[in-house]
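Below you'll find the structure, written out as C-alpha cells, and then a few comments.
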Amino acid sequence: MELRDRYRGCLLGLALGDALGAPFEGFPPIGNPADIAGRLPGTLRYTDDTEMAMGLAESLAGRGRVDPEDMARRFVANFDPSRGYGPGTVAVLGLIGKGTPWEEANRSVFPEGSMGNGAAMRAAPIGLCRFPDAQSLRRAAFLASAVTHDNPVAKEAALLIAGAVAHLVRGGEPAALPGVLEGLVSLPPYREKLGAIRRLLARPDPPVEEVVSILGHGVLAVESAPTALYAFLRSGGSYKETVLYAISLGGDTDTIAAMAGALSGTLNGSGGLPEEYLRRLEDRERLRELADLLFERFARGGGRTR
Ligand code: AR6
Ligand code: MG
C-alpha cells in the first residue's frame, strides 16, 4: 500500500469514526452492531474530536514539530461550540482565547490537569510524524496534550494512541501492539489495561457488557483509549467492523470510534474506508488535504522529526 494512503486513512478514519459514533453517545452497550448502521443520519457530522485533530494536524504540518503556542492558537481559532467539547476544554480554550498562557489555563479547571480523553482523541496525527525514537515520540505526545490536558493519565493515553499509529504507519503488525505499547507507557492503570486487553483477546467472543465492565467506555482517558485499542485489535482488520464494534460498546462512542477508526484507517489506508459512509462525511476534502500536508512534511523522502 502507498504510504500516502495510510496518512489519509489515519485522518479520515478518525473523522469518520467520530461522525459515525456521535449519534450514539451515552448509549448503553448495543448488542448487535447491525442496529447501528440503520440509525445513521444522511450527513455525517464530526465533533470536537475531529475539530481538535484537524487543529493539531494543521499545526504539525505548518511548524514541522510540536509547537504548543501554535497549537493553542489553532485550537482557539477552530473552536466551534456546537461540536460538543468537554466542559473543561471549553473553559481552557476560552481562557487561552482571552490571553491566558496555556501553561496556566491548563490547570485552571482541574488543578491537577484534565484526565479526560480530549488529548488522546486528537493524538493520532502525532504518530504520523516519524519521530526517530520512543523518547521523542513521548515528549511530543505529552507536549501536544499539555496545551489542554496536563494530567499524566491524559498524556499517556495520547501516547498510547500516537504510539499505535506510529507502529501501524510503519507497516507494523496489529498483533504486536500490546507488546509495543507496554514498552511505551509506564503508568500502572495503562499497564493493567494492556494486560486485560491481552486476556480478553485470548477469549473467542467476550460479551460487550463484560468488556465495558473491565475496560470502561467513559470520557476519562483511562476508560476509553485502551477500550479503543481493544476494539481495533478485536475486530480483525476491517475498518467498518472495527468502528461498528467500537460503537457497540456504548458510552463515549464518538471518541472511542474516533480513536479506533484512526488506528484502523492507518492500517487499511483510505482505500479501506467504506465509501458509502465516506462520501457522506463532512469536510472530507479538507481532511485528505491535511493528511497530504503531513505526508509531504514528514514522510516524503523518509523525513525525520526532532
Ligand atoms: N478530576 C475529575 N474529573 C475529571 C478530571 C479531573 N482531574 N479531568 C476530567 N474529568 P474535559 P475533554 C472528567 O472536560 O477531555 C467530548 O464529548 C470531568 O467530568 O477536560 O476534552 C469529546 O467527544 C470532565 O468534564 O474535556 C470527548 O468525549 C470530563 O472528564 C470528551 O468530551 C472530560 O474532561 C472530551 O472531553
Ligand atoms: Mg466523545
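Counting convention: from 1, in listed order, for ligands and their atoms alike. Computed over heavy atoms, backbone and side chain alike; hydrogens, waters and symmetry mates excluded. Numbering starts at 1 and runs along the sequence shown.
- If you take CG on Asp18 and CZ on Arg45, they are separated by 10.5 Å, rounding to the nearest 0.5 Å.
- The OD1 atom of Asp252 and the OG1 atom of Thr255 subtend an angle of 100° at the Mg ion (ligand 2), given to the nearest 10 degrees.
- Ion pairing between a basic and an acidic side chain is recognised when a charged N comes within 4.0 Å of a carboxylate O; Lys240 and Glu276 show such pairing.
- In this pair, Tyr85 and Phe79 present their aromatic rings tilted. The plane angle is within the 30 to 60° band.
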Please list, one pair per line, the donor and acceptor atoms closer than 3.5 Å that link side chains of residues 167-176 to other protein atoms, with sequence neighbours excluded.
| from | atom 1 | to | atom 2 | distance (Å) |
| --- | --- | --- | --- | --- |
| His167 | NE2 | Glu173 | N | 3.3 |
| His167 | NE2 | Glu173 | O | 2.8 |

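- Evaluation of the side-chain hydrogen bond (donor to acceptor under 3.5 Å, both in side chains) rule for Asp150 yields Arg107, Lys155 as partners, not counting sequence neighbours.
- Qualifying side chain to side chain contact (heavy atoms under 4.5 Å, CB included) partners for Ala260, counting only residues two or more places apart in sequence or in other chains: Ala228, Ala231, Thr242, Ala246.
- Considering just the N/O/S atoms of Asp254, the one nearest the Mg ion (ligand 2) carries the name OD1.
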Which protein N or O atoms sit under 3.5 Å from any N or O of ligand 1? Give atom names and distances.
| from | atom 1 | to | atom 2 | distance (Å) |
| --- | --- | --- | --- | --- |
| ligand 1 | 7 (N) | Glu112 | OE2 | 3.0 |
| ligand 1 | 7 (N) | Gly113 | O | 3.3 |
| ligand 1 | 8 (N) | Met115 | N | 2.8 |
| ligand 1 | 14 (O) | Pro87 | N | 3.4 |
| ligand 1 | 14 (O) | Gly88 | N | 2.7 |
| ligand 1 | 15 (O) | Asn117 | N | 3.4 |
| ligand 1 | 15 (O) | Gly118 | N | 2.9 |
| ligand 1 | 15 (O) | His149 | NE2 | 2.7 |
| ligand 1 | 17 (O) | Glu25 | OE2 | 3.2 |
| ligand 1 | 17 (O) | Gly84 | O | 3.4 |
| ligand 1 | 20 (O) | Ser114 | OG | 2.6 |
| ligand 1 | 21 (O) | Thr89 | OG1 | 2.6 |
| ligand 1 | 21 (O) | His149 | NE2 | 3.4 |
| ligand 1 | 23 (O) | Asp48 | OD1 | 3.0 |
| ligand 1 | 23 (O) | Asp49 | OD1 | 2.8 |
| ligand 1 | 23 (O) | Asp254 | OD2 | 3.1 |
| ligand 1 | 23 (O) | Thr255 | OG1 | 3.0 |
| ligand 1 | 26 (O) | Thr89 | OG1 | 3.3 |
| ligand 1 | 28 (O) | Asp252 | OD1 | 2.9 |
| ligand 1 | 28 (O) | Asp252 | OD2 | 2.5 |
| ligand 1 | 28 (O) | Thr255 | OG1 | 2.8 |

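- Look at Asp49 and the Mg ion (ligand 2): no N/O/S atom of the residue is under 2.8 Å from the metal.
- Evaluated for a salt bridge (charged side-chain N to carboxylate O under 4.0 Å, His left out) with Glu58, the options Arg63, Arg122, Arg286 yield exactly one hit, Arg286.
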